[in-house]
Structures are given as C-alpha cells and as structure tokens.
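Inspection log for the structure reproduced underneath, given as structure tokens.
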Amino acid sequence: MKSVEGYSSTALLCIQTGRAHALLTGRGATGIEAALRAKGLVDARVGIPANTCYIVLWAILRSGNQPVLLDVHPNTGMLTIESINQPLDALIPCHLYGLPAPMRAISEWAHANGVFLIEDAALAIGATVDGRAAGSWGDVSIFSFGQGKIIDQQLGGAVLTDDAALAEGMTRWLAGLPEWDDRHVDLTNQWLALYWALHQYDDRDARLSGFYPALFDLYGDLVSFRLPPDDSPGLPEKLKAIEADRRRRLALAAHYDEALALETFPRPPGATLWAYPLLVNPDIRDDLLHHLWDAGVHEAARWYPSLQPMQVALCPGFPINPTPVADLLASQVITLPLQPGVAAEQVNRIAVAIRNFFS
Ligand SMILES: Cc1ncc(COP(=O)(O)O)c(C=O)c1O
C-alpha cells in the first residue's frame, strides 16, 4: 500500500474528514450508486441540483431510483432548503465548483425529514464547509479523482461514511463490479466525443435530446466499475498537499477577479475552486466562448449545463420540476482554468482575450 508517513489514501481521507470509513471507488459516481444501493432505496425520489454533472443523474437511474431536478439560489448557484420544494427520499447537494453548499441547514432539514443525504464533494476536496471538512457531511459523501478534477488521478473516487452498516453494504457491492479494462477505455472515448458535441446544442431543439436514451443504454456501464487494486499512485502525496493547492487556486481566482472585474459566484470562507466560473449575459456567452477558443483558451467550457433536456429524455413520464434559476445560470456560465500548471501569466493572457472581446 502506498503511503505518506505510513498512511494509506483511505486513512488520510478519514483523518482529513473525520469520517470513520473511506472506500476507494472507480469514480465519484460509482460512490453515489453504491450509497443508494447500500441504503436499499428503490423507486425513491432523489433530489439533485439541475446544474450538476449528468453522471449524477445516470448514477441515480442505474440504482433504480428517480432523479428529481431542483432549483438553486440565484446568488450562489447552490441548493438551499427553500429551493427543495418537493417531498424527497434522498438528496444529493453539490459543492458547485468547490464552493461550499449550505450543508448545516441542508443536513438539519434532511435529518428532520428522514431524507438520506449524500454530499457531493466531487469538486470540493480540501474545502471546509460551515467550519467542517467537505466530505464530512451527510450520511455518505463522495470525492472524485477523475480527469481534470482537483486531485487528478485520471480515474477514481472515494465514498465516505460514519455508518458501519452502510460501509459494509457499499464494500460488498463495490467488490462485485467489473474491473476497468480496455472496453471501458473504448466506451469512454466514444461517449466523450458524442457527448461534448451533443451538449452544446441539446437545449436548442428537443429532438437532439432524443439521442440520450440510446446513449445511456450504450454507455451507462461507465458509471460503475472497480479499479485494479492499488491503482492510486501518488494519491497520498496529493492529499497531503491539498491545502497548498487550495491556496494556489484561491490566489489565481483573486487574480481573475481583479483582471476581469466581471460577475462570478461568491467564495465563502473555506472554499476551494475547481475552475473559475465566469457569469456573462446568455446572449453573448457562446460568442465569448468561441472567441476564447480561437484565442487558444481551449479549457474554457460551457459547464455545468442544465440537466433538464437530458432528464426529460431519460425519464419520460416523470413530472417535470421547473428550474428557471439553474437553467439561467447554466446559460451564463463559462469556466476558466485553474488546474495545476496554470499560472498568473496565463490568467493575464485569458483576461486580455476577454477584454478584447468586450471592446
Ligand atoms: C459535480 C460532480 N459530481 C459528481 C461527479 C462524479 O465524479 P466522477 O466523474 O469521478 O464520477 C462529477 C464529475 O464528473 C461532478 O462534476
């Protein structure tokens, strides 16, 4: 087992979050499916913000449950207890872009209403939320170590809990998954090529979303798999360096703030930041994005899109819960890079490209 000063990755995750149990998973979404299955939920209503990753929606569907899209707060882009206007069996709040969701209020609400809570900390490793580590909230929490994430192992994730029975149930279910192999690599390459083309236009015409059911059939297996044992080289070292990485990200974000002076989400104390979310007028968002790509800023992305078109296509017959705020924010956002290797000069170069666009 690889270690830093004798600690394995799972031991470090437990130390850093205060959790009793941490399990490594094929990816973050595998942890979400594992949690829903270990809890024994079937046909349950699982609330998620409408502006989260499609793979969360897929994990819920794969577990045999019903995703319910929820709206978010206009200033933070995050779920609040006021925006949960539905009876639910489970809830998966997300620390969007690594910014802390209001977990104390959400946890109290979930506890009072008997709602199973999965904290989606895929993008928030290293953050603190209401003074406690991201990943320490909820009945279960997940991290992602996938490609482009704050800790980038190309693939991988973790699921954490304090509940011994849930930990045992998840361990058993995870052990029965197929191991990642060449078939998964091939499927991933196909899916990413198709999805990135489709998601740019799926809100323009409902017929485009008509492809999603076939694509979910073809690529749904990408939600849940197992990595070969000991396939997390360097993870303990990256976990140890997480606070330095958080500070580097925040310093660069402050640089973006200063150089751009444009709208972004507030960064509460304890935040980390996966990528810098820039909010612009929806009428010019795509033109600005193309301008950035032409200027060589290929990491700039239209992310996260609203999940409404995909949900409607994948869940025919489910009631549609309107999410106007999440849809609007999704049409305004461009994410700018903060990953390791990005330095102040690159932020300046991107800021110049953006200023050129506006002038
Ligand atoms: C907000 C959010 N939640 C969950 C996940 C799932 O992580 P993974 O890709 O490791 O399954 C992702 C990443 O894609 C994400 O962005």
Side-chain angles (χ1 to χ4, degrees), residues 9 13 23-36 46-63 67 69-70 72 76-79 90-101 103 117-125 127 129 134-135 137-138 140-160 170 174 177 180 184-185 187-188 191-192 195-196 199 219-227 231-232 235 238 265 271-275 277 299 301-307 310 326 329-330 333 335 338-339:
S9 305
L13 285 166
L23 310 167
L24 295 182
T25 53
R27 60 186 297 172
T30 315
I32 293 175
E33 189 179 348
L36 293 168
V46 183
I48 56 173
N51 52 343
T52 190
C53 184
Y54 67 83
I55 200 77
V56 178
L57 185 87
W58 283 28
I60 297 167
L61 289 173
R62 299 264 306 179
S63 72
L69 300 190
L70 300 170
V72 296
T76 64
M78 229 82 69
L79 284 185
L91 179 65
I92 312 182
C94 171
H95 304 300
L96 194 67
Y97 306 111
L99 303 167
M103 287 310 293
L117 191 61
I118 302 176
E119 178 194 3
D120 181 350
L123 302 178
I125 190 143
V129 182
W137 296 86
V140 172
S141 51
I142 65 121
F143 291 124
S144 170
F145 307 130
Q147 193 170 26
K149 298 298 189 311
I150 286 185
I151 291 186
D152 182 348
Q153 298 287 96
Q154 298 292 303
L155 266 183
V159 63
L160 297 88
M170 292 194 292
L174 291 166
L177 291 175
W180 174 265
H184 290 97
V185 176
L187 286 178
T188 301
W191 161 247
L192 290 178
Y195 177 66
W196 283 101
H199 113 273
Y219 303 113
D221 284 353
L222 293 173
V223 172
S224 296
F225 50 83
R226 186 164 57 81
L227 292 180
D231 196 40
S232 56
L235 184 54
K238 290 179 191 165
F265 291 114
T272 186
L273 208 53
W274 161 69
E299 307 96 325
R302 192 192 279 103
W303 202 249
Y304 290 86
S306 168
L307 289 175
M310 192 186 270
L329 290 172
V333 73
T335 45
L338 284 177
Q339 74 271 22

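Heads up: numbering here begins at 1 and tracks the sequence. As the structure lists them, so they are numbered: ligands from 1, and atoms in each ligand from 1.
- Ring geometry for Trp196 against Trp303 counts as tilted: the plane angle lies between 30° and 60°, on a 0 to 90° scale.
- Inter-residue side-chain proximity for Leu235 and Leu24 is flagged as met; some heavy-atom pair is nearer than 4.5 Å.
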Tabulation required: pairs of a nitrogen or oxygen in ligand 1 and a protein nitrogen or oxygen under 3.5 Å; columns are atom names and distance to 0.1 Å; otherwise 'none'.
| unit_1 | atom_1 | unit_2 | atom_2 | d |
| --- | --- | --- | --- | --- |
| ligand 1 | 3 (N) | Asp120 | OD1 | 3.2 |
| ligand 1 | 3 (N) | Asp120 | OD2 | 2.6 |
| ligand 1 | 7 (O) | Ser144 | OG | 3.4 |
| ligand 1 | 9 (O) | Arg27 | NH2 | 3.0 |
| ligand 1 | 10 (O) | Gly28 | N | 2.8 |
| ligand 1 | 10 (O) | Ser144 | OG | 2.6 |
| ligand 1 | 11 (O) | Arg27 | NE | 2.6 |
| ligand 1 | 11 (O) | Arg27 | NH2 | 3.4 |
| ligand 1 | 11 (O) | Gly28 | N | 3.2 |
| ligand 1 | 11 (O) | Ala29 | N | 2.8 |
| ligand 1 | 14 (O) | Lys149 | NZ | 3.1 |
| ligand 1 | 16 (O) | Tyr304 | OH | 2.4 |

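- Using a 4.5 Å cut-off on side-chain heavy atoms (C-beta onward), Leu273 and Leu99 make contact.
- Using cut-offs of 30° and 60° for the angle between ring planes, the Tyr54 and Trp191 rings count as perpendicular.
- Tyr97 places a side-chain heavy atom less than 4.5 Å from the side chain of Val333.
- Here the side chains of Trp58 and Glu33 are not in contact, with every heavy-atom distance at 4.5 Å or above.
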